[in-house]
Amino acid sequence: MTNSTSIHVTKHHHACVIVEDEATRILIDPGQLGSPPALAGVEAILITHQHFDHFDPDLIAKAAARSIPVWVPPDAADDFTHLDNVHEAVAGDVFTVRTLTVEIAGDRHAEVHPQVAGPQNRAYLIGGAVFITGDEHPAPPGPFTALVTPIDAPWLRATDLIQYVHRHKPHQVIGIHDGLLNTHGLDVARHSARTLLNEGCVHASVPDEGTVIEVCRDDD
């Protein structure tokens, strides 16, 4: 685990966030619904699944060429077998990126089509504090402080999100996956986030691009 008492989550665009402490920066889900994030200072990239809004093959290849390690679900790894720095993200595995421990969970993308299975989805618990779900509601591998999860998606029902938050009661909920919403849609999403305050969390938000959120945690 990190020795820091706090971790910061920075919203980039849509589902893309940076999770970092004072020593380590990890980039998650740099997809194609916004400008590519800068790779300067990034020490690892984590991909939840291979939908275009979470996954940019060109950026992954660019990162790997810079010796930045990247973790992707097994079904997204075949196109990168020639790159030494691209690793399969296997549920149950644990690894460390400098000062931050990463625990992998997840199974498969939430159902969109009743007869067509979605891609594999991987969730990541970072630093024992920030749980990033990707596009499903997976069982977390351990306790966490902040939940980073979609606030809007074709597969997402409000009642499912409410039940998920009620079940796990994180201190903070950071709603992402809002890149297709117009101004009115964002207003609705932020209202939905506020309703989660009734489900056991203390803070809930849908941050704008560039917003930095501090996640406090106790030292282990």
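Model, not experiment: these values are computed from the prediction. All values below come from the heavy atoms of this structure, side chains included, with hydrogens, waters and symmetry mates left out.
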To the nearest 0.5 Å, tell me how far [X] [atom1] sits from [Y] [atom2].
X	Y	atom1	atom2	answer
Arg122	Glu136	CZ	CD	8.0 Å
His137	Leu147	NE2	CG	7.5 Å
His14	Asp178	NE2	CG	7.5 Å
His166	Thr159	NE2	OG1	11.5 Å
Leu100	Asp21	CG	CG	4.0 Å
His51	Gln32	NE2	CD	12.0 Å

Exercise. How far apart are the closest heavy atoms of Trp155 and Ala110, and which atoms are they?
Worked result: CE3-CB, 3.4 Å

Exercise. With ring centroids as reference points, do His168 and Tyr164 lie under 6.0 angstrom apart?
Worked result: yes

Problem set entry | Sub-6.0 Å ring centroid separation between Trp71 and Phe95 | yes

Problem set entry | Tyr124 side chain vs Val130 backbone, donor-acceptor pair below 3.5 Å | no

Exercise. Okay, side chain of Gln120, backbone of Asp75: is any donor-acceptor separation there less than 3.5 Å?
Worked result: yes

Exercise. How far apart are the C-alpha atoms of His54 and His177, what are their side-chain angles, what is the distance that settles it, and do they pass the side-chain hydrogen bond (donor to acceptor under 3.5 Å, both in side chains) test?
Worked result: CA-CA 9 Å; His54 298 252; His177 210 273; 3.3 Å; yes

Exercise. Should Arg190 and Asp208 count as an ion pair when the cut-off is N to O under 4.0 Å?
Worked result: yes

Problem set entry | 4.5 Å side-chain heavy-atom contact, Ile174 and Pro207 | yes

Seminar exercise, completed: Only one of Ile176, Val165, Leu156, Leu161 passes side chain to side chain contact (heavy atoms under 4.5 Å, CB included) with Thr149, and that residue is Leu161

For this session: Going by the side chain to side chain contact (heavy atoms under 4.5 Å, CB included) test, name the single residue among Leu46, Val9, Val148 that passes it with Ile28.
Result: Leu46

